[in-house]
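Structure first, commentary second.
In what follows, every heavy atom counts, from backbone to side chain, and hydrogens, waters and symmetry copies are set aside. Computed from a predicted model, the values in this text were never measured in an experiment. The sequence lines fix the lettering, A, B, ..., with proteins before strands; numbering per chain opens at 1.
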Number of protein chains: 2
Amino acid sequence: MLSQKAKYALKAMLVLARESGRGPILIADIAQRERMPRKFLEVILLELRNQGLLQSRKGKGGGYFLARQPSQITMGEILRVVEGPLAPLPCVSKVAYRRCDECHDERTCAIRMVMKDVREATAHILDSTTLADVLKRADSTIHGRGALIYAI
Amino acid sequence: MLSQKAKYALKAMLVLARESGRGPILIADIAQRERMPRKFLEVILLELRNQGLLQSRKGKGGGYFLARQPSQITMGEILRVVEGPLAPLPCVSKVAYRRCDECHDERTCAIRMVMKDVREATAHILDSTTLADVLKRADSTIHGRGALIYAI
DNA sequence: AATAAATCTACTAAATCGATGGATTTAATA
DNA sequence: TATTAAATCCATCGATTTAGTAGATTTATT
């Protein structure tokens, strides 16, 4: 299960994607719109910024904005920043490979083979789905005249 | 990432699958063969038993054995027992569905849609891979004359 | 100078993870 | 029936992670 932090991160990034191009957005605004604790959101946004997904400006008129176009930022990138590797085992991670502690022979580890398939499948989805894709998908399923919210 | 508990569980189930049909296996044997803490393994096996994946016999000559054929027990079942739902969000879980706390409209939640795809993909793999499949796969990749171990 | 924003530092409560120790129950066998 | 060997039950524990919070500081604008 995704952590609360991950959910907040995804929601916040979607807000910033929707407002993309319209200048910096305040932490406080995002927090209020998506009903997240402001202080916690600060921590998350800072992390996303330090990993190069966001940019920020301090002082009056400041705030946060995407470091790239919504079509150039993927779900996979975001989740890796806040949740670590997508892989279910370190030994099948491409980005953060690490040998499993007491693995005798990686080539014949049966569990590894299954988990490699799992990693491949999820990474394929998450790394090929951009913020822009998600926005489009959300908009195209609007029904009735309700407000537009990226609710989890 | 899988928890240590999940890794132990998978390893233990594979040992029991390989010995399937040859009577009860001792906790202590499994623990030694796969180098896991005996007491911790007790807890795990008990849980797998209570969820119907294992059976046990007490007293002399007792031990643990699979409740079904290795071809009738899937990775998905095992992981659900020790790790909970496979789904990354409660609202996309089939086995353990739960509404997301502050979800305004599940039908238009963009994040949900992506995570539903992820769940589908991983569940498809894990629920269609049985212990028998894993054993076969491991055996078919043996190279040289090394010992056979389900190392993680 | 005043104000408004992010940023840094430091802390905390609660839950989860990864175990361990010891008593008890159950069953086989000598 | 006594002994032995096994799972089972119960209780606890230290470390880490999760999900925050408080308050001071830095940076930029007006």
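Here B:K5 does not pair with B:E83 in a salt bridge; the nearest charged N to carboxylate O distance is not below 4.0 Å.
A straight line from CD1 of B:I44 to P of C:dA19 spans 8 Å, rounded to a whole angstrom. Distance CZ (B:F40) to C1' (D:dG14): 14 Å, rounded to an integer number of Å. Distance CE (A:M1) to P (D:dA19): 13 Å, rounded to an integer number of Å. When the P atom of D:dA19 is taken as reference, atom NZ of A:K11 falls 14 Å away, rounded to whole Å. What separates CD of A:Q32 from P of C:dA5 is a distance of 13 Å, to the nearest Å. In this structure, A:L2 atom CG and D:dA19 atom P are separated by 10 Å, rounded to whole Å. Following rounding to the nearest Å, B:Q4 (CD) and D:dA15 (P) show an atom-to-atom distance of 18 Å. Rounded to an integer number of Å, the gap from A:L45 CG to C:dA5 C1' is 13 Å.
In terms of the salt bridge (charged side-chain N to carboxylate O under 4.0 Å, His left out) criterion, residue partners of A:D117 (sequence neighbours excluded) are, by chain and number, B:R137. The side chain to side chain contact (heavy atoms under 4.5 Å, CB included) test applied to A:T74 returns A:E77, A:D127, A:T130, not counting sequence neighbours. Listed by chain and number, the residues in a side chain to side chain contact (heavy atoms under 4.5 Å, CB included) with A:E120 are A:K94 (sequence neighbours excluded). Residues passing the ring pair (Phe, Tyr, Trp, His ring centres under 6.0 Å) test with A:Y97: none are found, sequence neighbours excluded. B:A96 pairs by the side chain to side chain contact (heavy atoms under 4.5 Å, CB included) definition with B:P85, B:S93, not counting sequence neighbours. Residues that satisfy the side-chain hydrogen bond (donor to acceptor under 3.5 Å, both in side chains) test with B:S56, not counting sequence neighbours, are B:R49. By the salt bridge (charged side-chain N to carboxylate O under 4.0 Å, His left out) test, A:E42 is found to be paired with A:R38, A:K39, residues two or more places apart in sequence or in another chain being considered. Listed by chain and residue number, nothing satisfies the salt bridge (charged side-chain N to carboxylate O under 4.0 Å, His left out) test with A:R99 (two or more places apart in sequence, or in another chain). Every residue two or more places apart in sequence or in another chain was checked for a salt bridge (charged side-chain N to carboxylate O under 4.0 Å, His left out) with B:K116, and none qualifies.
Between D:dG20 and A:Y8, a contact under 4.0 Å exists linking OP1 or OP2 to a side-chain N or O. One finds a side-chain N or O of A:R38 lying less than 4.0 angstrom from the OP1 or OP2 phosphate oxygen of C:dA6.
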Detail all sub-3.5 Å separations between protein N/O atoms and N/O atoms belonging to nucleotides 21-30 of chain C.
unit_1: C:dG22; atom_1: O6; unit_2: B:K39; atom_2: NZ; d: 2.2

Quick test: give all pairs of protein nitrogen or oxygen and nucleotides 10-16 of chain C nitrogen or oxygen below 3.5 Å, distance rounded to 0.1 Å.
none

Q.
One pair to check against side chain to side chain contact (heavy atoms under 4.5 Å, CB included): B:I78 and B:Q51. What are the steps and the verdict?
A. CA-CA 9 Å; B:I78 300 167; B:Q51 297 305 311; over 6 Å; no
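Residue-level contact check: B:L26 touches the backbone only, with heavy atoms under 4.0 Å from sugar-phosphate atoms and none from bases.
Within residues 46-55 of chain A, the residues that place at least one heavy atom under 4.0 Å from DNA chain C are, in residue-number order, A:L46, A:R49.
Residue-to-nucleotide proximity on DNA chain D shows that, of A:E83 and B:A28, the 5′-proximal contact is made by B:A28.
Side-chain contact between B:Y8 and B:Q4 is present, with at least one heavy-atom pair separated by less than 4.5 Å.
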